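Structure, as structure tokens:
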There are 2 protein chains.
Amino acid sequence: MARRPNTNASLRDVAKLAGVSAQTVSRVANGSDAVRSATRERVLSAMDQLGYRPSFAARSLRAGTYRSVGLVMPCDISATGRRFQLEGIATAAAERKYALTLVQLCDGDISLEDASRRMASLPVDGQILGLGSDPSDFATFVPPATIPTVIISTHPHPRCATVSNDQVACSTAIVDYLVSMGHREIRFAGGRREAPANIGRLEGWMAAMAAHGLACHEPLFGDWTADSGYRIGALLAHDDTCTAIYAGNDAMAVGVIYALRDAGRRVPEDVSVIGVDDSLVGVIPRLELSSYRFDDEQVGAIAFDLAINPPLGDVPPHTLVQGAVVKRSTVAPPRS
Amino acid sequence: MARRPNTNASLRDVAKLAGVSAQTVSRVANGSDAVRSATRERVLSAMDQLGYRPSFAARSLRAGTYRSVGLVMPCDISATGRRFQLEGIATAAAERKYALTLVQLCDGDISLEDASRRMASLPVDGQILGLGSDPSDFATFVPPATIPTVIISTHPHPRCATVSNDQVACSTAIVDYLVSMGHREIRFAGGRREAPANIGRLEGWMAAMAAHGLACHEPLFGDWTADSGYRIGALLAHDDTCTAIYAGNDAMAVGVIYALRDAGRRVPEDVSVIGVDDSLVGVIPRLELSSYRFDDEQVGAIAFDLAINPPLGDVPPHTLVQGAVVKRSTVAPPRS
DNA sequence: TCATAAAATGTTTACGTTAACATTCCACGA
DNA sequence: TCGTGGAATGTTAACGTAAACATTTTATGA
């Protein structure tokens, strides 16, 4: 068994072994066609023999670029939505042959400033800051001049490009869809009242209802859990006029459905329920829940492009990405 | 407003502006105390003025290390379990002040060879390959000599350190727990028959039952979905002797529960059901499902340490990480 | 056979940093 | 007043790579 080289071989080492110059080895390493095939063979064999691995450090020092973007996310990457954004960004990176440097920021240090400082010492050409709900220094943060910075946020940032899911459009699409099915009385069973996502959707629901000339009855709020959905569902079960409920997420939708059924109302025959996130596929037996699926792939792709290719203008762009309704359990309202 | 520097300032630029040598700037940048405070001030101000950002490339070229590890994961990072491992690894990295370079490998190219080749050109000191179920070249793969390689896999690899959740221990813990509650007839409602995780758990279930002198009745298999759990639950509902069911995951457990209830059996009063992964917290209203929670933080931490600090011996270590039963809905069997 | 162009290969240099060593400066005691 | 020693700062070199340019080799046609 060949003993392992205790240190990485460089172009020079390979060159010496192959009896050529370092530049020729470099050419082979980079697939230049200006190398005779006999030479190439010799070089490749030497590389193999020495276990040559090109130095990322030297290459990027030379090139002045890393072909990599940094991504900062809070600890609970698993939290719904965020993990799909991570996938979206990773996919976008892979497609463009970029690497992704992930930094998880936890508890104490959730500020854009900290996140950015951390990134500055890492090999990234741009950075995406995906720190959920409103870091403390959101308004005052000044991005470093040397790193194009993109923030994933519902609110536009004065100095950074921002991308986010379009919460208003989510409500619009859901209301439009339900109305097109014949529903007139669509209740809002939102998540945590102060959550940015919830605020945007509430706004969108009111606007969309108004646009259809429908009345917005008392919106209700929970905390994103199934139990909070159940409480709301129990309340709404007594409202016979209500034929459709727009829940803050899928867990809440499930809670609503259970409460309705426990109260003797049929879902979806009597009441249609729709959730958001499309996160519970295959989890509840015999339940194909209608939902709204955000296009996090798109969010990731756009954030990525903005980080790589920063826009020039004075006002940083705020891009909102729309998703689509996933139609499953919802049906037309009962004929009254 | 100061105009942005069009290119990154280097130590030299800062040195010139501050009227010192580059070495002094380097000392300031690295917090050396051998700099007079007046000088330090001058340098810091110059850095600020020029927006100086130390070059990761130059630093790591000098140091010969990147303080970063690579992680390869398949596209569906969101798939249960995997995303917690990602969190575990990211946390371990953060604690040790390492960066994490994430590469997502999709569809076509799920092989250790491809993954490893990809990593070789990135700034990593070690790599963790987390490619789910058995890449095609698992047995033949030879890790690069220059990059310590760790594989997250249920099977030990002949040439790489491996880490994984201990599927056998999962079964042991669950069976021990249920037996301690008084259950004697514990059925196995596993996931996909050929899945490595399922195989390990089946094995563990049989061993644990045997250890308690209990008979293993016909194990059943599904496909990890709630619906497949429902089918199995419907079957087992007619078996009056069965007082506990060990489901392949939480979704299947939910399916089993629903089938049992639909068949008129009470859960947990008549039959206790336990899942695996502890993934459905807050998703089903009024259901606190018992489950087994793997310690993916630990898996991540160990994989990370092995990647940073490769073991020396001839036989690469295979580390199994145990989790713990999360006790919630399960109760003692009914007195017969 | 030789001139000539084209192909193949080699040489030099700079990217930004920091260890190692060299030099300068300053405070302090004789 | 002048060493003297330590603190502060400067100089040199090397890390591995690839662009730019220089040189050598090979193929081609007269």
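Bear in mind that the values here come from a model prediction, so they are computed numbers and not experimental data. So you know, we letter chains A, B, ... as the sequences are listed, proteins then strands, and number each from 1.
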Nucleotide of [options] approaching [X] most closely (side-chain heavy atoms):
X     : options                : result
A/P54 : D/dT17, C/dC15, C/dT9  : D/dT17
A/S21 : C/dT11, D/dT9, C/dT17  : C/dT11
A/Y52 : D/dT9, C/dG10, D/dT17  : D/dT17
A/L11 : C/dT17, D/dT11, D/dA18 : D/dA18
A/Q23 : D/dA19, C/dT9, D/dT17  : D/dA19

Nearest-Å distance, [atom1] ([X]) to [atom2] ([N])?
X     : N      : atom1 : atom2 : answer
B/N8  : C/dA14 : CG    : P     : 20 Å
A/R27 : D/dA19 : CZ    : P     : 10 Å
A/N30 : D/dG16 : CG    : P     : 17 Å
A/F56 : D/dA18 : CZ    : P     : 12 Å
A/L61 : C/dT17 : CG    : C1'   : 8 Å
B/R12 : C/dA14 : CZ    : P     : 10 Å
A/R36 : C/dG10 : CZ    : C1'   : 14 Å
A/D13 : D/dC15 : CG    : P     : 10 Å

*Considering only heavy atoms and no angle criterion, is a donor-acceptor pair shorter than 3.5 Å present between the side chain of B/R53 and the base of C/dG16?*
no
*asked:* Can you say whether a donor on the side chain of A/R62 sits under 3.5 Å from an acceptor on the base of C/dG16, or the other way round?
replied: no
*asked:* Counting only heavy atoms from other residues, nucleotides and ligands, does the tally under 6.0 Å from CZ of B/R12 exceed 12?
replied: no
*Please work out if A/S55 contacts a base, only the sugar-phosphate, or nothing of the nucleic acid, heavy-atom cut-off 4.0 Å.*
sugar-phosphate
*Name the nucleic acid region contacted by A/S60, choosing base, sugar-phosphate or nothing; use a 4.0 angstrom heavy-atom cut-off, strictly under.*
nothing
*With side chain to side chain donor-acceptor pair (under 3.5 Å) as the test, would you mind laying out the steps for B/S45 and B/D48 before giving the verdict?*
CA-CA 5 Å; B/S45 141; B/D48 204 47; over 6 Å; no
*With ring centroids as reference points, do B/Y66 and B/Y98 lie under 6.0 angstrom apart?*
no
*Show the numbers, then the answer: is there a salt bridge (Lys or Arg N to Asp or Glu O under 4.0 Å) between B/D305 and B/R96?*
CA-CA 10 Å; B/D305 282 339; B/R96 291 161 187 74; 2.9 Å; yes
*Modelled atom types, side-chain donor and acceptor of B/T154 and B/Q167, under 3.5 Å*: no
*Looking at B/T24, does any N or O in its side chain come under 4.0 Å of the phosphate oxygens OP1/OP2 on D/dG10?*
yes
*Between B/T39 and D/dA8, does any side-chain N or O lie under 4.0 Å from OP1 or OP2?*
no
